[in-house]
Number of protein chains: 2
Amino acid sequence: MCEVIISKKIYTEDRAAAPRPFVVVPPSDMHRHLGDLLATEGGADVTFKVAGEIFRAHRYILAARSPVFKVELLGAMKESTATGDCIQIDDMLVQLFKALLHFVYNDSLPEMEVQEEAVMAQHLLEAADRYDMQRLKLICEDKLCNHLEVSTVATTLALAEQHNCQGLKEACIEFLISPDALEAVMVTDGFEHLTKSCPALVKELMSKLATRLYKRRKLKA
Amino acid sequence: MCEVIISKKIYTEDRAAAPRPFVVVPPSDMHRHLGDLLATEGGADVTFKVAGEIFRAHRYILAARSPVFKVELLGAMKESTATGDCIQIDDMLVQLFKALLHFVYNDSLPEMEVQEEAVMAQHLLEAADRYDMQRLKLICEDKLCNHLEVSTVATTLALAEQHNCQGLKEACIEFLISPDALEAVMVTDGFEHLTKSCPALVKELMSKLATRLYKRRKLKA
């Protein structure tokens, strides 16, 4: 016991004298290792064809990352997608499928221009919902929250409602609830689309607006 | 441009009023997904036999995480370890191989009792060096830095020297350099082993001790 006390004291004293840690553990490199695996396609056992472009991947990694891929690649459809077969995806942009695969392996979005981010986040949110990838969905929601603008907020709100994104929906409503913003948004095509496609949402918005107005009047009185 | 300015202002105002973020992105779940893959053994294509116990894994994941596994599983030895074959590992404890596989898939050490940590970290450091897994090696070095004791520091220093662990070596020397600690350590079997196996290290230690002593005298004078 004495030995331990001596040792710890000395250790502490010396650490205090030289605060630099002796060993620095770098952050996780797992995403880089798996990213390399995607890039080299080593051991890939499933092929996707998207708008004529071929992507090779690993069915058990896809299945581990997405419950929908799990069903599609290992479930009842497994026979029709046996090794060597090619899975055709017709309703997705090449760039989007590439970003989706990048996320599966790297656990992050690929680098992109700032002006691309909002549009890519919208498409990726739809893809994340389709493949039941909850973390990717939240990353896209977060990105869209930071890209809210008068010209796009109505369509973003419709998207949030359609894909059951509570946080993004709240952010859109908070954005819209200011009379100045709402007036500017109400003349956009997006808002017209919103009133037609999600009338219940417009009612919710009006109700929140009224509550906020009532609170302000009460504070002033 | 005006619209964007309006929108950002409103957004900022409302954020300030309700600082709670609309969307909270959880930390990476990749390690959990791959951990599940190890646990379920789905798609496993390589079998290891360690002290009679069977472990099933994925050769391309092992290869992505360790350059040595890459050579062993995909290089010249590939033919002898074709699917279905079993790789016998004779010189490793079951618990250690289990922890190694756990790290490959989960990117973390398995849970263990505090009193097990130091011994497991020593063995895992050797395994990490053998399979060239640099981050695991640094994690073990860091753990051992925090477990330095009079009774074990000499053997830890010999281990650090043997496996070229600069940080751990420095931590051991800093620990030993206090005359109180050194005197206590010098009567241990570990120190006797150290003087025989790494005489150069003992010289280095004496030199550092002399320098430190000289500095102290200079400060006092």
Side-chain angles (χ1 to χ4, degrees), chain A residues 2-4 6-11 13-15 18 21-31 33-34 36-37 42-45 58-61 63-65 74 107 134-135 138-139 141-142 144-145 148-151 153 165-171 174-178 180-181 184-185, chain B residues 2-4 6-11 13-15 18 21-31 33-34 36-37 42-45 58-61 63-65 74 107-108 134-135 138-139 141-142 144-145 148-151 153 165-171 174-178 180-181 184:
Chain A
C2 175
E3 283 186 353
V4 176
I6 292 170
S7 69
K8 283 196 177 165
K9 195 179 151 210
I10 296 154
Y11 192 64
E13 268 179 10
D14 281 287
R15 280 268 183 163
F22 292 108
V23 176
V24 177
V25 178
S28 173
D29 47 9
M30 197 171 198
H31 56 282
H33 291 154
L34 287 199
D36 289 348
L37 189 56
D45 57 359
H58 306 78
R59 63 179 69 224
Y60 278 92
I61 292 179
R65 300 278 285 150
L74 309 176
D107 210 31
Q134 294 304 317
R135 190 167 169 271
L138 286 168
I139 288 172
E141 277 191 61
D142 189 49
L144 290 171
C145 282
L148 291 183
E149 284 180 20
V150 165
S151 58
V153 66
C165 306
Q166 195 53 37
L168 181 57
K169 186 177 155 183
E170 279 175 30
E174 277 297 314
F175 182 99
L176 282 165
I177 222 161
S178 152
D180 287 350
V185 174
Chain B
C2 174
E3 283 184 352
V4 176
I6 292 170
S7 69
K8 282 194 177 165
K9 194 179 151 210
I10 297 155
Y11 191 64
E13 269 180 11
D14 281 288
R15 280 267 182 162
F22 291 108
V23 176
V24 177
V25 178
S28 173
D29 47 9
M30 198 171 197
H31 57 282
H33 291 155
L34 287 199
D36 290 347
L37 188 57
D45 58 359
H58 306 77
R59 62 178 70 224
Y60 278 92
I61 291 179
R65 300 278 284 149
L74 309 177
D107 210 31
S108 64
Q134 294 305 318
R135 190 166 169 270
L138 286 168
I139 288 173
E141 276 192 62
D142 188 50
L144 290 171
C145 281
L148 292 182
E149 285 181 20
V150 165
S151 58
V153 66
C165 306
Q166 194 53 36
L168 181 57
K169 186 178 155 184
E170 279 175 30
E174 277 297 316
F175 182 99
L176 282 165
I177 223 161
S178 153
D180 287 350

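Here is the naming used below: chain letters follow the sequence lines, and residue numbers restart at 1 for every chain.
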Rounded to the nearest 0.5 angstrom, the CZ-CD distance for B:F22 and A:E174 is 4.5 Å
### Message
Looking at A:R59 and A:L74, would you say the former's side chain and the latter's main chain have a donor-acceptor pair under 3.5 Å?
### Response
no
Interface check, chain B: of A:C165, A:P27, A:S28, A:A64, most non-hydrogen pairs under 4.5 Å belong to A:S28
Assert top hit (heavy-atom pairs under 4.5 Å, partner chain B, pool A:V153, A:V25, A:V185, A:I61) equals A:V25
So, the part of B:D36 with a heavy atom under 4.5 Å from chain A: the answer is neither
In this structure, CE of A:M30 is separated from NE2 of B:H31 (nearest 0.5 Å) by 8.5 Å
With sequence neighbours left out, the residues meeting side chain to side chain donor-acceptor pair (under 3.5 Å) with B:H33 are A:R65
Among A:R135, A:E141, A:E170, the residue with the most heavy-atom pairs under 4.5 Å to chain B is A:R135
Looking only at A:I139, A:L34, A:D107, the option with the highest number of non-hydrogen pairs under 4.5 Å against chain B is A:D107
CG (B:L168) and CG (B:L148) are apart, to the nearest 0.5 Å, by 6.5 Å
Scanning both residues in full, the closest heavy-atom pair of B:C145 with B:G167 reads SG-O, 4.4 Å
Applying a strict 4.5 Å limit to non-hydrogen atoms, the region of A:L37 in contact with chain B is side chain
Cut-off 4.5 Å, heavy atoms of chain B, and the answer for A:V24 is backbone
